[in-house]
There are 2 protein chains.
Amino acid sequence: MKTIRPFTHAVDRLNAAGLRPTRQRLALARLLFEDGNRHITAEQLHREATEGGVKVSLATVYNTLNQFTEVGLLREVAVEAGRAYFDTNATAHHHFFNDDTGELLDIPGDSVVLSSLPDVPENMVIGAIDVVVHIRNK
Amino acid sequence: MKTIRPFTHAVDRLNAAGLRPTRQRLALARLLFEDGNRHITAEQLHREATEGGVKVSLATVYNTLNQFTEVGLLREVAVEAGRAYFDTNATAHHHFFNDDTGELLDIPGDSVVLSSLPDVPENMVIGAIDVVVHIRNK
DNA sequence: TCAATAATTTAGAATGATTTTAAAAAAGAA
DNA sequence: TTCTTTTTTAAAATCATTCTAAATTATTGA
Ligand SMILES: [Mn+2]
Ligand SMILES: [Mn+2]
Ligand SMILES: [Zn+2]
Ligand SMILES: [Zn+2]
């Protein structure tokens, strides 16, 4: 008996998001979501697709990553100027960033706690809180 | 009677950092440090200099911002891919980032407290912790 | 003071990431 | 099938940043 889990298949995610399950989008969705959470750049995903025999242009990889982000399947994480990382875990969580290797890593669930929040400026509201813990070897 | 304060003048900062106090570096140092803390991009600083009658190339603005960062007079803050912000407060502190306007703002001293830190991966050490609180209007 | 030397600045080219354009291909509807 | 809309794509364009190589400026040490 099969347990019903949401978004088990890439095609379901795309349908739920109102995006046509095209060959390219399906292939990229599989690479992104089929093996647990990932943190990846457009270039990395494009290389991975190409090496895996998926014929897709870099422009489409960018389009797709941006579309997935718009519909909430991904989120963008800013760790250093110049490179955009996409995170397959779109829920609120924080990151280690290895400054030496450029690797982005999730910080486990509740191991970072913000015990107090600052007063937000007049007429402003908090959208998201990003904590990046920079780490290096040794 | 004059109170002796460190780095009151731009020239002192440059000397202390072992950087020749050239016309361009002095002008940029004044713009950066003479009116309290600032968060600024290379383009912004270049425009400000140019409008203020200081003749300096964009390449030199980049060179200078990078040099100042290397010697610890500035630090770089990553808030969104594509743009590098430089912060005249190089000590540890956190930021509000206005996603609508691109304005970067200090969070007052101790109003953000990380009450617990994550276990750092094997053979790794924490370099810095950046907290960015994204805010928007209304 | 003055040339020799070293550091700095600069215009413009180059790079790298990302977006745009406009046309071809694919997908969905009828 | 056709018709219509969406998607993909190659190539060009854009934007931030760095590099190159030559010109300028600052420092050194007779
Ligand atoms: Mn984007
Ligand atoms: Mn830099
Ligand atoms: Zn993550
Ligand atoms: Zn700051």
Side-chain angles (χ1 to χ4, degrees), chain A residues 10-11 13-32 39-50 53-71 73-87 102 104, chain B residues 10-11 13-32 39-50 53-71 73-87 102 104:
Chain A
V11 63
R13 288 183 189 254
L14 296 181
N15 284 330
L19 294 170
R20 287 187 182 176
T22 63
R23 183 171 51 76
Q24 294 80 182
R25 288 208 274 237
L26 272 171
L28 296 177
R30 286 201 196 93
L31 290 173
L32 287 169
H39 303 85
I40 198 167
T41 67
E43 279 288 358
Q44 285 168 4
L45 182 59
H46 182 245
R47 181 164 1 94
E48 205 170 291
T50 299
V54 176
K55 214 187 136 204
V56 60
S57 72
L58 182 56
T60 294
V61 172
Y62 274 105
N63 288 341
T64 302
L65 288 172
N66 286 328
Q67 289 158 175
F68 283 13
T69 301
E70 275 160 30
V71 302
L73 290 177
L74 295 176
R75 75 150 145 147
E76 214 175 322
V77 183
V79 278
E80 46 174 28
R83 269 198 297 194
Y85 283 81
F86 293 86
D87 189 339
L104 191 61
Chain B
V11 63
R13 286 180 191 255
L14 296 180
N15 284 331
L19 295 171
R20 289 186 183 176
T22 63
R23 182 171 53 75
Q24 296 78 186
R25 287 209 274 237
L26 272 172
L28 296 176
R30 286 200 197 95
L31 290 174
L32 287 169
H39 304 84
I40 198 168
T41 67
E43 280 285 359
Q44 284 168 5
L45 182 59
H46 182 245
R47 183 166 355 100
E48 206 171 289
T50 299
V54 176
K55 213 186 137 202
V56 61
S57 73
L58 183 56
T60 294
V61 172
Y62 274 104
N63 288 342
T64 302
L65 287 172
N66 285 328
Q67 289 159 176
F68 283 12
T69 300
E70 274 161 28
V71 301
L73 290 178
L74 293 176
R75 74 148 145 149
E76 214 175 321
V77 183
V79 279
E80 44 172 30
R83 271 198 295 194
Y85 283 81
F86 292 87
D87 190 338
L104 191 61

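Naming: A, B, ... by sequence-line order, numbering from 1 per chain.
For the pair Leu45(A) CG and dT18(C) P, the interatomic distance rounds to 12 Å; values are reported in whole Å. Here the C1' atom of nucleotide dT7(D) and the CD atom of Glu70(A) are 14 Å apart, to the nearest Å. Distance CZ (Arg83(B)) to C1' (dA17(C)): 15 Å, rounded to an integer number of Å. Here the P atom of nucleotide dT8(D) and the CG atom of Leu58(A) are 14 Å apart, to the nearest Å. Remark: P of dT7(D) and CG of Leu14(A) are 11 Å apart, rounded to the nearest angstrom. Between Asn63(B) atom CG and dT24(D) atom C1' there is a gap of 15 Å when expressed in whole angstrom units. The distance from atom CG of Leu65(A) to atom P of dA17(C) is 14 Å, rounded to the nearest whole Å. Nucleotide dT9(C) holds its P atom 9 Å from the CZ atom of Arg23(B), rounded to whole Å.
Under the 4.5 Å side-chain criterion, counting only non-hydrogen atoms from C-beta, Thr69(B) is in contact with Phe86(B). In this structure the side chain of Ile40(A) reaches within 4.5 angstrom of the side chain of Leu32(A), judged on heavy atoms. Side-chain atoms of Leu65(A) and Asn63(A), non-hydrogen and from C-beta on, never get closer than 4.5 Å to each other.
Out of dT18(C), dT8(D), dG12(C), the shortest distance to the side chain of Ala59(B) is found at dG12(C). Nearest nucleotide to the Thr60(A) side chain, out of dT9(D), dT10(C), dT19(C): dT9(D). Distances were taken from every side-chain heavy atom of Ser57(A) (C-beta onward) to each of dA27(C), dT10(C), dA10(D); the shortest belongs to dA10(D).
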Give the C-alpha distance, both sets of side-chain angles, the deciding distance and a yes or no for side-chain contact (heavy atoms from CB on, under 4.5 Å) between Val77(B) and Val79(B).
-> CA-CA 6 Å; Val77(B) 183; Val79(B) 279; 4.1 Å; yes
Show your reasoning for whether side-chain contact (heavy atoms from CB on, under 4.5 Å) applies to Gln67(B) and Val71(B).
-> CA-CA 6 Å; Gln67(B) 289 159 176; Val71(B) 301; 5.9 Å; no
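Between Gln24(A) and the phosphate of dT9(D), there is a side-chain N or O to OP1/OP2 separation shorter than 4.0 Å. For dT17(D), the OP1/OP2 oxygens have a side-chain nitrogen or oxygen of Tyr62(B) closer than 4.0 Å. Within the 4.0 Å cut-off from OP1 or OP2 of dT18(D), at least one side-chain nitrogen or oxygen of Asn66(B) is found. An OP1 or OP2 oxygen of dT8(C) is reached within less than 4.0 angstrom by a side-chain nitrogen or oxygen of Arg25(B).
Residue Glu43(B) is the one, among Thr22(B) and Glu43(B), whose nearest nucleotide of DNA chain D lies closer to the 5' end (criterion: closest heavy atom).
Contacts of Ala84(B) with the nucleic acid, taken as non-hydrogen atoms under 4.0 Å apart, involve only primed sugar atoms and P, OP1 or OP2.
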